[in-house]
Amino acid sequence: MRMYDIIEKKRDGNELTEEEIRFFVEGYTNNQIPDYQVSALLMAIYFQDMTETERALLTTAMVDSGDKIDLSGITGTKVDKHSTGGVGDTTTLVLAPLVASVGVPVAKMSGRGLGHTGGTIDKLESVPGFHTEITNDEFINLVNKNKVSVIGQTGNLTPADKKLYSLRDVTATVNSIPLIASSIMSKKIASGADAIVLDVKTGAGAFMKELHDAKELARAMVSIGKQVGRNTMAVISDMSQPLGFAIGNTLEVKEAIDTLKGKGPTDLTELCLVLGSQMVLLAGKATSMAEARSMLEENLENGKAFEHFKLFLSSQGGDAAVVDNPELMPKASKQIDVLAKQSGAVETMIADNIGTAAMMLGAGRATKESEIDLAAGIMLHKKVGDSVKAGEPLLTIHTNINDVDPVIALLENSIVIATHEVKAPKLIYETITE
Ligand code: URA
Ligand code: CA
């Protein structure tokens, strides 16, 4: 088999076979095929697309390029959730204990990562003592015992994806539905999930800015999941403004605590109930979305979800007393209100700019080496559609940095107040189950 022929075949719009797809994925991972040939193939895929079959074959080839996490020691159907990423997305912190509280095993492998705020692990580390450096055996035991555990990334998962993603980054081929869908799904499948729930974001703060692109990506991933025997569902949710009120590590943990007590922001609570219902359904713990939802609502009301969060934190060394008394978590030295300059209704809160502002305040990493300030971030007091009076606080920044003026300027430019009425944006555009 020659790489040249594979490039030519895809360039001319033909479907690649399993052998051809494996040949280039394995050859590239093992450094036997040069960057320039794989670059040409990626560009051909960018323009010619891939069939649903090809997408599933590419995903499987990438999964087979590295280690696979074996979760077979865990009883029950392991359902994983993946979000395509947004600003102030606190859902994992809420969902993990919430669905575990109804008996769904949550075996979460999570990262720190770059971005506006830290990853799930950074957020959880704002609880004193909490750690994710546990052995695989301990991880499996904890999930069997408490139905929930979070571990840091282990093993060499999907090396083919790592190499291909870096190459796509420098060849203008990141933005391709078959390549994005196979990249995301390969990582979820290698992490051992039996079933997958996807939260595909759309809007200014999302990777997929346009609704039709988000839908296409969601459908592509659901199709891959089903073809490779992992039942998959997706939700398309709004990320034009941040989710909930809190953006920042400690701030989001507090928001998660409120939400688990049934007193969280409406949008965050609703999204967690929808995603959580899909997880419960896929795990076979309910037979309809409505039944799953009422199980989750009940545990938000009766305190079981909240108690489960404490159990989860203490099982990994965390001081669960902070859940009763969040004031024990790190606090920033400065809290500064940003005020509305005019009366009216909030028309836009540009999610990605607000995320960037949170990062500038210290909440996220600009580079892999940056230190995170767990206490830093932003608390919104208003959301799109809310009315506001001149002089009222729109948000409060929490920070330990001195030069806050550029951040305040960015925030002021990211929030538009209109003098006419404004409708709140839709939170969930669609749920995709087929
Ligand atoms: N996120 C991924 O993991 N892969 C992509 O290709 C794009 C976003
Ligand atoms: Ca939030």
Side-chain angles (χ1 to χ4, degrees), residues 84-90 112-119 122-123 201-210 238-252 254-255 265 267-268 330-419 422 424-425:
T84 59
V87 180
D89 187 351
T90 318
R112 297 178 189 278
L114 300 176
H116 300 130
T117 64
D122 297 297
K123 292 176 189 174
K201 309 279 196 189
T202 183
F207 185 59
M208 289 284 151
K209 310 266 180 235
E210 303 297 332
D238 181 63
M239 194 34 81
S240 58
Q241 63 176 337
L243 186 66
F245 294 112
I247 305 129
N249 302 283
T250 303
L251 299 172
E252 288 186 41
K254 287 187 191 165
E255 183 166 75
D267 58 349
L268 176 62
K331 236 198 212 106
S333 58
K334 293 189 205 81
Q335 273 111 51
I336 304 166
D337 288 340
V338 173
L339 309 178
K341 291 195 170 146
Q342 64 174 87
S343 299
V346 179
E347 188 170 31
T348 42
M349 296 193 119
I350 306 171
D352 46 353
N353 290 358
I354 296 175
T356 302
M359 190 173 83
M360 290 162 76
L361 294 170
R365 289 184 186 86
T367 69
K368 264 189 222 159
E369 289 72 34
S370 331
E371 284 269 334
I372 272 193
D373 180 352
L374 292 171
I378 296 170
M379 279 304 295
L380 305 177
H381 304 301
K382 300 285 174 185
K383 301 279 303 233
V384 173
D386 289 351
S387 59
V388 58
K389 290 200 180 65
E392 230 189 318
L394 289 168
L395 56 89
T396 305
I397 64 175
H398 294 243
T399 192
N400 293 305
I401 66 165
N402 291 318
D403 188 16
V404 293
D405 291 348
V407 185
I408 291 177
L410 174 61
L411 286 166
E412 284 175 343
N413 285 328
S414 311
I415 300 176
V416 179
I417 296 172
T419 48
V422 177

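Worth knowing before you read on, the calculation uses all heavy atoms, side chains too, and leaves out hydrogens, waters and symmetry mates. Keep in mind that this is a model prediction, so the values were computed, not measured.
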Option passing side chain to side chain contact (heavy atoms under 4.5 Å, CB included) with V422 (candidates V384, V416, D386): V384

Residues that E392 engages under side chain to side chain donor-acceptor pair (under 3.5 Å), provided they are two or more places apart: K382

4.5 Å side-chain heavy-atom contact, T117 and M359: no

Donor-acceptor under 3.5 Å (N400 side chain, A376 main chain): no

Pairwise side-chain contact, I378 with H398, heavy-atom cut-off 4.5 Å (strictly under): no

F207 vs M239 side-chain heavy atoms within contact, under 4.5 Å: no

CA sep, side-chain torsions, deciding dist, call: T399, V404, side-chain contact (heavy atoms from CB on, under 4.5 Å): CA-CA 8 Å; T399 192; V404 293; 3.7 Å; yes

Qualifying residues under salt bridge (charged side-chain N to carboxylate O under 4.0 Å, His left out), relative to K254, sequence neighbours excluded: none

Salt bridge (charged side-chain N to carboxylate O under 4.0 Å, His left out) partners of D122, counting only residues at least two apart: R112, R365

T396 versus Q335, side-chain donor and acceptor atoms under 3.5 Å: no

Heavy-atom check, side chain of L380 versus side chain of P242, under 4.5 Å: yes

Residues that K201 engages under side chain to side chain donor-acceptor pair (under 3.5 Å), provided they are two or more places apart: D89, D199

Heavy-atom closest contact (V338 atom, E412 atom, distance): CG1-CG, 4.0 Å

Test item: E255 side-chain N/O and F245 main-chain N/O as donor-acceptor pair under 3.5 Å: yes

Partners passing salt bridge (charged side-chain N to carboxylate O under 4.0 Å, His left out) against K334 (at least two apart in sequence or in another chain): none

Gap between atom CD1 of I397 and atom CE of M360 - 0.5 Å precision: 10.0 Å

Salt bridge (charged side-chain N to carboxylate O under 4.0 Å, His left out) involving D238 - partner list, sequence neighbours excluded: none

Side chains of I415 and L395 in contact at under 4.5 Å (non-hydrogen atoms): yes

